[in-house]
Q: 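Have a look at this one before I ask anything.
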2 protein chains.
Amino acid sequence: MAATTEVQWLTDDEQATWRAFNLASRLVDGALDHQLMRDADMGHTQYAVLVALSEAVDHRARMGDLADLLQYSPSRLSHAVRKMETNGWIERRKCPSDGRGQIAVLTSVGRQTIEQTAPGHVDEVRRVVLSPLTATQQAQLRNICETLLGGNQTT
Amino acid sequence: MAATTEVQWLTDDEQATWRAFNLASRLVDGALDHQLMRDADMGHTQYAVLVALSEAVDHRARMGDLADLLQYSPSRLSHAVRKMETNGWIERRKCPSDGRGQIAVLTSVGRQTIEQTAPGHVDEVRRVVLSPLTATQQAQLRNICETLLGGNQTT
DNA sequence: ATTATTATGTTGAATGTTCAAACAATTAAC
DNA sequence: GTTAATTGTTTGAACATTCAACATAATAAT
């Protein structure tokens, strides 16, 4: 700390907690993104879209629903899907019940892609996040993060 | 889950933990970034640089040391500092002991900026991360995140 | 001493994200 | 039944981050 600083700050414990969380978030996110880019030439944004569609009924979902589910901005999703469309992983179709709507449909190529990519990604999730923690710590982490989400979610 | 999926996946508990951590990371990061952008017209990258320099001896540090401390890539830091230089927050000087080195120095304008910005940012950190958690949870979170960092740090 | 190698930083191009604006279709008002 | 307001989605510009290539200085090799 500089001698001239009168800035209101956090206690040492609070600061250490915040700093650790912040760095750990970035470390984990970076590691996962790196793995996906290296092994499958896609970012975690596109991966999440593939997972969501592969879990969706009939392998399809409306853009808005998808954006809500993934907590992405509409434009972020739109740009991502456009890229994935050129890769042949997704097709866009008009929504029959609502003329404004667009439906993103996973193609068979897209399904193959996610099925080939998921195992390596899961391994990396285990390696970086789950394996270093005991079962107790995993439960604590889940509880803590759900608290953070619950207190701030608009829903 | 789709019926045709044979993808290796996580147990329900593991998946819930991972998903909660992932979403909480994004939520927190987004909230803090938003607050900084709204109140001080800077992103968390620039804020972190200002904090690091304001805490540094003589309000200055070598680019490489700064990058290591913040875990930023050299180019990320270089771009950020260039922007902040045009804002008048930072000056670059040659390093006397090593001709390759560059030293980033916080200007008085930069110091004023961080001193005006920090209180609001600290409030937001408390609101989003610390206040929702009990003291026990804070200690757990710190412990967990330091475990994740420790297991993966190259140092 | 000269040359090769390594270390420090910067730059420019490519990519991804956000923001504001636009567009089209639906719903509400009157 | 027109007109107005709202909703769903896309688009393009601005900005940040990464990656690869570059420049320059320090160190090592001979």
Side-chain angles (χ1 to χ4, degrees), chain A residues 25-27 29-38 40-50 60-87 89-105, chain B residues 25-27 29-50 60-87 89-105 154:
Chain A
S25 295
R26 272 222 302 276
L27 177 76
D29 203 54
L32 273 292
D33 222 34
H34 222 250
Q35 178 271 324
L36 279 175
M37 203 48 121
R38 173 166 40 79
D41 203 45
M42 75 176 93
H44 67 294
T45 299
Q46 299 189 4
Y47 181 82
V49 172
L50 287 184
R60 70 192 59 206
R62 273 188 71 160
M63 296 295 282
D65 296 343
L66 214 44
D68 285 348
L69 179 68
L70 299 171
Q71 303 196 255
Y72 288 168
S73 73
S75 101
R76 182 182 184 182
L77 180 65
S78 187
H79 285 304
V81 167
R82 179 163 47 76
K83 280 246 151 161
M84 299 169 77
E85 206 173 8
T86 71
N87 290 347
W89 297 345
I90 288 183
E91 283 176 15
R92 274 184 173 110
R93 304 211 184 135
K94 291 225 149 205
C95 177
S97 61
D98 186 336
R100 300 165 292 186
Q102 289 277 110
I103 297 189
V105 185
Chain B
S25 294
R26 271 222 303 274
L27 177 76
D29 203 53
L32 273 292
D33 222 34
H34 222 251
Q35 178 271 325
L36 279 174
M37 203 48 120
R38 174 166 40 79
D39 296 349
D41 203 46
M42 75 177 93
H44 67 294
T45 299
Q46 299 189 5
Y47 181 82
V49 172
L50 287 183
R60 70 192 59 207
R62 274 188 69 160
M63 296 295 282
D65 296 343
L66 214 44
D68 284 349
L69 179 67
L70 299 171
Q71 303 197 257
Y72 288 169
S73 74
S75 103
R76 181 182 184 182
L77 181 64
S78 186
H79 285 304
V81 167
R82 179 163 47 75
K83 281 246 151 160
M84 299 169 79
E85 207 174 9
T86 71
N87 290 347
W89 298 344
I90 289 182
E91 284 176 13
R92 274 183 172 109
R93 305 211 182 134
K94 291 225 147 202
C95 178
S97 61
D98 186 335
R100 299 167 293 186
Q102 289 277 108
I103 297 189
V105 185
T154 43

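Chain identifiers are assigned alphabetically (A, B, ...) following the order of the sequence lines, protein sequences preceding nucleic acid strands; residue numbering begins at 1 within each chain.
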Q: In whole angstrom, what separates A/Met37's CE from D/dT18's C1'?
A: 9 Å
Q: Is the shortest side-chain N/O distance from B/Thr45 to OP1 or OP2 of D/dT17 below 4.0 Å?
A: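 Answer yes for this pair, as a side-chain N or O of B/Thr45 is under 4.0 Å from OP1 or OP2.
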Q: Could you walk me through whether B/Arg26 and A/Tyr72 satisfy the side chain to side chain contact (heavy atoms under 4.5 Å, CB included) test, starting with their C-alpha distance in whole Å, then the side-chain angles of each, then the deciding distance to 0.1 Å, before giving a yes or no?
A: CA-CA 10 Å; B/Arg26 271 222 303 274; A/Tyr72 288 168; 3.7 Å; yes
Q: Using a 4.0 Å cut-off to any heavy atom of chain A, which nucleotides of DNA chain C are the first and last in contact, reading 5' to 3'?
A: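 That gives a stretch of C/dG16 to C/dT26.
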Q: Between A/His34 and A/Pro74, which residue's closest nucleotide on DNA chain D lies nearer the 5′ terminus?
A: A/Pro74
Q: For B/Tyr47, enumerate each residue passing the ring-ring contact (aromatic ring centres under 6.0 Å, His included) test, keeping only those at least two apart in sequence or located in another chain.
A: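 With neighbours one apart ignored, the set is B/His121.
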Q: Can you check side chain to side chain contact (heavy atoms under 4.5 Å, CB included) on A/Met84 and A/Leu50, steps first, answer last?
A: CA-CA 9 Å; A/Met84 299 169 77; A/Leu50 287 184; 3.4 Å; yes
Q: Could you tell me how far apart A/Arg76 (CZ) and D/dA16 (P) are, to the nearest whole angstrom?
A: 17 Å
Q: To the closest 0.5 Å, what do you measure between CH2 (A/Trp89) and CE (A/Met42)?
A: 4.0 Å
Q: Expressed as a whole number of angstroms, how long is the span from B/His44:NE2 to D/dC15:C1'?
A: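 One finds 14 Å between C1' of D/dC15 and NE2 of B/His44, rounded.
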Q: Which pairs pass salt bridge (Lys or Arg N to Asp or Glu O under 4.0 Å) with one or both residues in residues 37-47 of chain B, sequence neighbours excluded?
A: none
Q: The criterion is side-chain hydrogen bond (donor to acceptor under 3.5 Å, both in side chains); which residues satisfy it with B/His44, sequence neighbours excluded?
A: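 Applying side-chain hydrogen bond (donor to acceptor under 3.5 Å, both in side chains) to B/His44 gives B/Asp33.
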Q: Distances for protein N/O vs nucleotides 23-28 of chain D N/O pairs under 3.5 angstrom?
A:
from: D/dA26; atom 1: OP1; to: B/Gly99; atom 2: N; distance (Å): 2.7

Q: Using atom CZ of A/Arg93 as one end and atom P of D/dT9 as the other, report the distance to the nearest whole Å.
A: 16 Å
Q: Identify, with sequence neighbours excluded, every residue that meets side chain to side chain contact (heavy atoms under 4.5 Å, CB included) alongside A/Glu85.
A: A/Arg92
Q: Table please: side-chain donor-acceptor pairs of residues 97-105 of chain B below 3.5 Å, with sequence neighbours left out.
A:
from: B/Asp98; atom 1: OD1; to: B/Arg100; atom 2: N; distance (Å): 2.9
from: B/Asp98; atom 1: OD1; to: B/Arg100; atom 2: NE; distance (Å): 3.1
from: B/Asp98; atom 1: OD2; to: B/Arg100; atom 2: NH2; distance (Å): 2.9

Q: Assign A/Ser73 to base, sugar-phosphate, or nothing according to its heavy-atom contacts below 4.0 angstrom with the strands shown.
A: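 If one applies the 4.0 Å heavy-atom cut-off, A/Ser73 turns out to touch the sugar-phosphate alone, with no base involved.
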Q: Name all residues meeting the side-chain hydrogen bond (donor to acceptor under 3.5 Å, both in side chains) criterion together with B/Asn87; count only those two or more places apart in sequence or in a different chain, and write none if there are none.
A: none
Q: Quick one: is D/dG8 close enough that its OP1 or OP2 comes under 4.0 Å of any side-chain N or O from A/Gln102?
A: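 For D/dG8, OP1/OP2 do not have a side-chain N/O of A/Gln102 under 4.0 Å.
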Q: Whole angstroms only, please: what is the CD1-C1' distance between A/Ile103 and D/dT10?
A: 17 Å
Q: Please state how far atom CG in B/Asp41 lies from atom C1' in D/dA14, giving the value in whole angstrom units.
A: 13 Å
Q: Using heavy atoms and a sub-4.0 Å distance, could you list which residues of residues 79-86 of chain B are near DNA chain D? By number, please.
A: B/His79, B/Lys83
Q: At less than 4.0 Å, is any side-chain N or O atom of A/Arg62 found next to OP1 or OP2 of D/dT9? Yes or no.
A: yes
Q: Quick one: does B/Val49's side chain get under 4.5 Å of B/Ile90's, heavy atoms only?
A: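 In short, these two side chains touch, coming nearer than 4.5 Å.
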Q: Show which side-chain atoms of residues 75-83 of chain B pair as donor or acceptor with protein atoms under 3.5 Å away, not counting sequence neighbours.
A:
from: B/Arg76; atom 1: NH2; to: B/Thr45; atom 2: OG1; distance (Å): 2.9
from: B/His79; atom 1: ND1; to: B/Arg82; atom 2: NH2; distance (Å): 2.8

